[in-house]
Amino acid sequence: MHHRRVLALVGPTASGKTDVALTVGRRGVGGHPVEIVAADAFTLYRGMDIATAKPSRAERAAVPHHMIDRLDPWQEASVARFQRTARAAVDAVGERGHVALLVGGSGLYFRAVVDDLRFPPTDPDVRARLEDAHRHDPVAAHAALATADPDAAARIDPGNLRRTVRALEVIELTGEPFSRFSRAWDQHRSIYRGLEVRGLDPGRVELRRRIHQRAQAMVAAGLLDEARRLAALPQPLSATAAQAIGYREALAVLDGELDADELPTAIASRSWRYAKRQLAWFRRDPRVRWSTPHQVLQVWS
């Protein structure tokens, strides 16, 4: 358990997190300088700036940022690697006597940093062997899991071969029950004793308006040109990068699969679906105190 103070600002896309975080960063908190640690899967990628709503270079010069522009677009993002490097960044900020402010809408990446989550290894050869062995009899696979790890078997549907095989794979690779890796998910118990989490939610009507406005602004800012540059890279986009909202739609326009006039609407539609999932994720976390931007700035002053 770390005793240092760590702040976190979470919420759905287009909820205003970046503006509030920059204001907090410029002012400082309790007389201490603030450094921002981005908790996002897509701002990790260099050259993917517009659709990720990445802070500008001027904004990053005004307030130190971490976990931005760390991967090339053809590299695969890893939550386990992000956990290690983001925690190291948070620790370094604290050692400087500054306050780390985690900012992002990715619930998985946020929890990977602040909670004692463990990400077990994977081996494609082991998984393929287990899939081949149990492909025609998922019930027998589940029975094997029930013998090896009753707690995991109780949480997995007997017909869900994919999850059953994953559990068996982890047991074989680590020698530990798969259930041991999942317990922290239910606890919301941070490794930082001084964690303070604020959430922004402007409300359904306002959030939809902001999402549509942002989608139009992305296109006007040159999203298609940025997507064209990504498509021209010597290596294809990684699976994670290719799924980033805005780029998948822009690449569909370039491939002739989507009309250019439909691009803002397509981006806004997927963004709204994602925003609802983000809200559902963060509402399950009892540590999040939902606040207005004014309230956040008052508390963190």
Side-chain angles (χ1 to χ4, degrees), residues 2-70 82 85-107 109-110 113-114 190 192-203 206-207 209-211 213-214 217-218 220-221 275 278 282 285 287-301:
H2 300 270
H3 295 274
R4 62 173 54 92
R5 187 182 190 189
V6 175
L7 310 180
L9 186 63
V10 301
T13 184
S15 59
K17 298 184 297 295
T18 297
D19 288 344
V20 173
L22 287 169
T23 301
V24 172
R26 292 187 181 104
R27 294 184 350 182
V29 173
H32 296 280
V34 168
E35 300 185 34
I36 293 173
V37 180
D40 185 272
F42 300 116
T43 54
L44 286 168
Y45 286 108
R46 288 181 281 270
M48 297 177 65
D49 302 332
I50 295 174
T52 62
K54 192 180 293 178
S56 68
R57 292 190 181 277
E59 290 167 335
R60 283 181 270 169
V63 181
H65 281 67
H66 305 273
M67 304 309 295
I68 290 179
D69 289 348
R70 297 183 64 91
F82 180 91
T85 53
R87 283 180 178 176
V90 170
D91 291 343
V93 170
E95 288 166 4
R96 287 191 284 273
H98 298 181
V99 175
L101 171 56
L102 280 166
V103 181
S106 171
Y109 279 63
F110 161 70
V113 178
V114 304
S190 177
Y192 301 107
R193 187 181 296 276
L195 178 68
E196 303 171 33
V197 190
R198 293 277 168 168
L200 295 180
D201 175 13
E206 175 63 10
L207 184 59
R209 186 193 68 80
R210 291 185 183 193
I211 285 173
Q213 185 179 57
R214 173 178 283 188
M218 288 177 182
Q278 290 174 296
F282 288 118
D285 192 327
R287 297 167 298 188
V288 179
R289 298 190 64 182
W290 295 97
S291 311
T292 66
H294 178 68
Q295 289 169 333
V296 174
L297 296 176
Q298 277 190 317
V299 173
W300 293 343
S301 62

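Just so you know, these numbers use all the heavy atoms, side chains as well, and skip hydrogens, waters and symmetry mates.
- Taking 4.5 Å as the limit, some side-chain heavy atom of Ile68 sits within range of a side-chain heavy atom of Pro55.
- By the ring-ring contact (aromatic ring centres under 6.0 Å, His included) test, Tyr109 pairs with Phe82, sequence neighbours left out.
- With sequence neighbours excluded, the residues satisfying side chain to side chain donor-acceptor pair (under 3.5 Å) with Arg46 are Asp72.
- Applying the side chain to side chain donor-acceptor pair (under 3.5 Å) test to Asp40 and every residue at least two apart in sequence or in another chain returns nothing.
- Closest of all the heavy-atom pairs between Gln278 and Gly11 is NE2-O, 3.9 Å.
- Sorted by first and then second residue, the side-chain hydrogen bond (donor to acceptor under 3.5 Å, both in side chains) pairs involving residues 10-23 (not counting sequence neighbours) are Thr13-Arg214.
- Legend: salt bridge (charged side-chain N to carboxylate O under 4.0 Å, His left out) pairs involving residues 2-15, not counting sequence neighbours, sorted by first then second residue: Arg4-Asp91, Arg5-Glu196.
- The salt bridge (charged side-chain N to carboxylate O under 4.0 Å, His left out) pairs that include a residue from residues 50-60 are Asp49-Lys54, Lys54-Asp69, Arg60-Asp69, where partners are two or more places apart or lie in different chains.
- When all heavy atoms are compared, the tightest approach of Pro293 to Leu200 is N-CD2, 4.0 Å.
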Solution key, residues 25-38 side-chain donor-acceptor pairs under 3.5 Å, sequence neighbours excluded:
{"residue": "Arg27", "atom": "NH2", "partner": "Leu297", "partner atom": "O", "Å": "2.7"}
{"residue": "His32", "atom": "ND1", "partner": "Gly97", "partner atom": "O", "Å": "3.2"}
{"residue": "Glu35", "atom": "OE1", "partner": "His66", "partner atom": "NE2", "Å": "2.7"}
{"residue": "Glu35", "atom": "OE1", "partner": "Arg96", "partner atom": "NH2", "Å": "2.8"}
{"residue": "Glu35", "atom": "OE2", "partner": "Arg96", "partner atom": "NE", "Å": "3.0"}
{"residue": "Glu35", "atom": "OE2", "partner": "Arg96", "partner atom": "NH2", "Å": "3.4"}
{"residue": "Glu35", "atom": "OE2", "partner": "His98", "partner atom": "ND1", "Å": "2.7"}

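- What you find for Val113 and Ala86 is that their closest heavy atoms are CG2-CB, 3.6 Å.
- Residues forming a side chain to side chain contact (heavy atoms under 4.5 Å, CB included) with Ala8 (at least two apart in sequence, or on another chain): Leu102, Phe110, Leu195, Val197.
- To the nearest 0.5 Å, atoms CH2 (Trp300) and CG (Leu101) are separated by 5.5 Å.
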_Test side-chain contact (heavy atoms from CB on, under 4.5 Å) applied to Gln295 and Trp290, step by step_ = CA-CA 9 Å; Gln295 289 169 333; Trp290 295 97; over 6 Å; no
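- Arg287 has its side chain within reach of Val114: a pair of non-hydrogen atoms, C-beta onward, lies under 4.5 Å apart.
- For Phe42, the ring-ring contact (aromatic ring centres under 6.0 Å, His included) criterion is met by no residue, not counting sequence neighbours.
- Side chains of Met67 and Thr43 form no contact here, defined as non-hydrogen atoms less than 4.5 Å apart.
- Nearest heavy atom pair, residue Leu9 against residue Ala21, reads CD2-N, 4.0 Å.
- In this view, Glu206 and Arg209, Arg210 satisfy the side chain to side chain donor-acceptor pair (under 3.5 Å) rule, not counting sequence neighbours.
- Applying the salt bridge (charged side-chain N to carboxylate O under 4.0 Å, His left out) test to residues at least two apart or on different chains, none of the pairs has a partner in residues 98-107.
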